[in-house]
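One structure is given below, encoded as structure tokens.
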Amino acid sequence: MQQKRYNLFSEQLKQLFAGRVHKISVDAGMGCPNRGSTRDQPGCLFCDPDGSGSVGIERALPVAAQLELGKEVMRRKYKAKQFLAYFQPFSNTYAPVDELRRLYDEALAVSGVVGLAVGTRPDCLPDEILELLSEFHQKSYLWLELGLQSIHQTTLEFLRRGHDYSVFLQGYAAAKKRGLRVCVHVILGLPGESRQAMLATAAEMARLKVDGIKIHLLHILKGTALGDLYQQGEVDVLAQDDYVALAADFIERLHPDTLIHRLTGDGPRNILLAPLWSLNKWEVLNAIDHELEQRNSFQGSRYVVVD
């Protein structure tokens with residue numbers, strides 16, 4: 001396979017665990033500050049009513065049972081043997097410490113699970129939760145995944161995120177102080193953001209030298225407030241060529257050591273309004289690779305050292 005021009009997270013996993021490691025998403029039943037503990041509030045403008053990555057999750061089952069089902073699927077498809085338990089939908093630190101410890105331990109006790117990925121928000125990281133994550137970091141392979149989306153206050157307010165960028169910086173700094181691996185989620189194509197604004201987010205992620213990053217394209221989903229605005233003609237989405245160029249621009253500005261966990265995304269087919277081209281995930285990924293090749297460019301080629 002041709003070597004990539006960026007640092008793939010999956011390749012690091014292969015090196016660490018001497019083989020491929022597959023993520024299995026699980027729903028631990030947690031809520032979100034924007035939705036409440038019962039998930040019955042509107043939430044962020046773009047958020048799937050069932051939470052991100054909820055497709056195919058048997059949420060009525062215990063975490064261990066969800067993982068066992070996911071393992072069977074991965075074994076049939078890829079002959080997979082090693083897995084990360086990905087606590088994905090909603091905010092997976094939004095619960096009491098004892099409950100979180102029980103859930104994380106339950107996941108790690110499943111045969112073949114070699115580590116955890118915990119998705120959450122930067123305003124769900126009180127000290128006692130960070131201490132718990134540090135405990136699991138010491139005894140297992142753990143990634144903390146923080147949803148940021150953008151560094152720009154006007155964008156965060158438009159998205160109804162419920163926190164500003166300073167809250168992210170506080171949470172991020174507290175996590176790094178404890179030695180945690182942090183993967184930051186950002187979105188390209190958010191309404192009102194220019195190319196310059198999006199690349200300012202890239203430059204800031206480079207300044208922070210984030211351990212990992214997930215670069216998403218904006219999805220418009222049915223049943224969301226953003227979906228309503230789209231159907232009213234009030235927001236638009238990027239064309240594929242524009243997204244590919246932006247993703248390459250973003251990659252060029254990242255710190256060379258940052259691990260790239262994701263470069264695109266494919267929203268649930270049954271509720272995706274736009275962009276429909278995102279369903280061709282491998283075509284998009286190949287186009288990003290081709291763009292970097294055409295430029296003779298690579299991750300960090302435009303990284304700027306900041307003292």
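Just so it is clear, the model here is predicted, and its values are computed rather than measured.
Remark: Y303 pairs with no residue by the side-chain hydrogen bond (donor to acceptor under 3.5 Å, both in side chains) rule, at least two apart or across chains. Under the rule for a ring-ring contact (aromatic ring centres under 6.0 Å, His included), H163 has no partner lying at least two apart in sequence or in another chain. Evaluation of the side chain to side chain contact (heavy atoms under 4.5 Å, CB included) rule for K139 yields D105, E135, F136 as partners, not counting sequence neighbours. Under the side-chain hydrogen bond (donor to acceptor under 3.5 Å, both in side chains) criterion, S91 pairs with no residue, sequence neighbours left out. For H137, there are no ring-ring contact (aromatic ring centres under 6.0 Å, His included) partners at least two apart in sequence or on another chain.
Outside the 6.0 Å centre-distance limit, the rings of Y86 and W143 are not counted as a close aromatic pair.
Of the inter-residue distances, the one linking D249 atom CG with R195 atom CZ reads 4.5 Å to the nearest 0.5 angstrom.
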Residues K23, E145; criterion salt bridge (Lys or Arg N to Asp or Glu O under 4.0 Å); working and verdict:
CA-CA 13 Å; K23 270 187 172 181; E145 300 205 14; 2.5 Å; yes
**Prompt:** Would Y141 and V21 count as a side-chain contact (heavy atoms from CB on, under 4.5 Å) if you check the C-alpha gap in whole Å, the side-chain angles of each, and the deciding distance to 0.1 Å?
**Reply:** CA-CA 12 Å; Y141 181 76; V21 180; over 6 Å; no
Worksheet item: Do F90 and T120 pass the side-chain contact (heavy atoms from CB on, under 4.5 Å) test, and can you show the C-alpha distance, the side-chain angles, and the key distance before you say yes or no?
Response: CA-CA 7 Å; F90 300 103; T120 192; over 6 Å; no
* To do: Apply side-chain contact (heavy atoms from CB on, under 4.5 Å) to V186 and H216, showing your working.
  => CA-CA 6 Å; V186 299; H216 301 266; over 6 Å; no
Practice problem: Starting from the C-alpha separation in whole Å, work towards a yes-or-no answer on salt bridge (Lys or Arg N to Asp or Glu O under 4.0 Å) for R178 and E131. | Solution: CA-CA 8 Å; R178 290 166 172 84; E131 290 301 321; 2.8 Å; yes
Fill in: Audit row: I187, L217, side-chain contact (heavy atoms from CB on, under 4.5 Å) steps and yes/no
CA-CA 5 Å; I187 298 176; L217 69 150; over 6 Å; no
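Donor-acceptor pairing under 3.5 Å is recorded for the side chains of E157 and Q153.
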Under 3.5 Å, side-chain donor or acceptor atoms of residues 231-246 against the rest of the protein: list the pairs with distances, not counting sequence neighbours.
residue, atom, partner, partner atom, Å
Q240, NE2, E283, OE2, 3.2
Y243, OH, L263, O, 2.7

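With R5 contributing its side chain and S297 its backbone, the two residues share a donor-acceptor pair below 3.5 Å.
Side-chain atoms of H255 and T258, non-hydrogen and from C-beta on, do get closer than 4.5 Å to each other.
Between H22 and Y78, the ring-plane angle classifies as parallel under the 30° and 60° cut-offs.
The two atoms that bring G147 and R161 nearest to each other are O-NH2, 2.9 Å, heavy atoms only.
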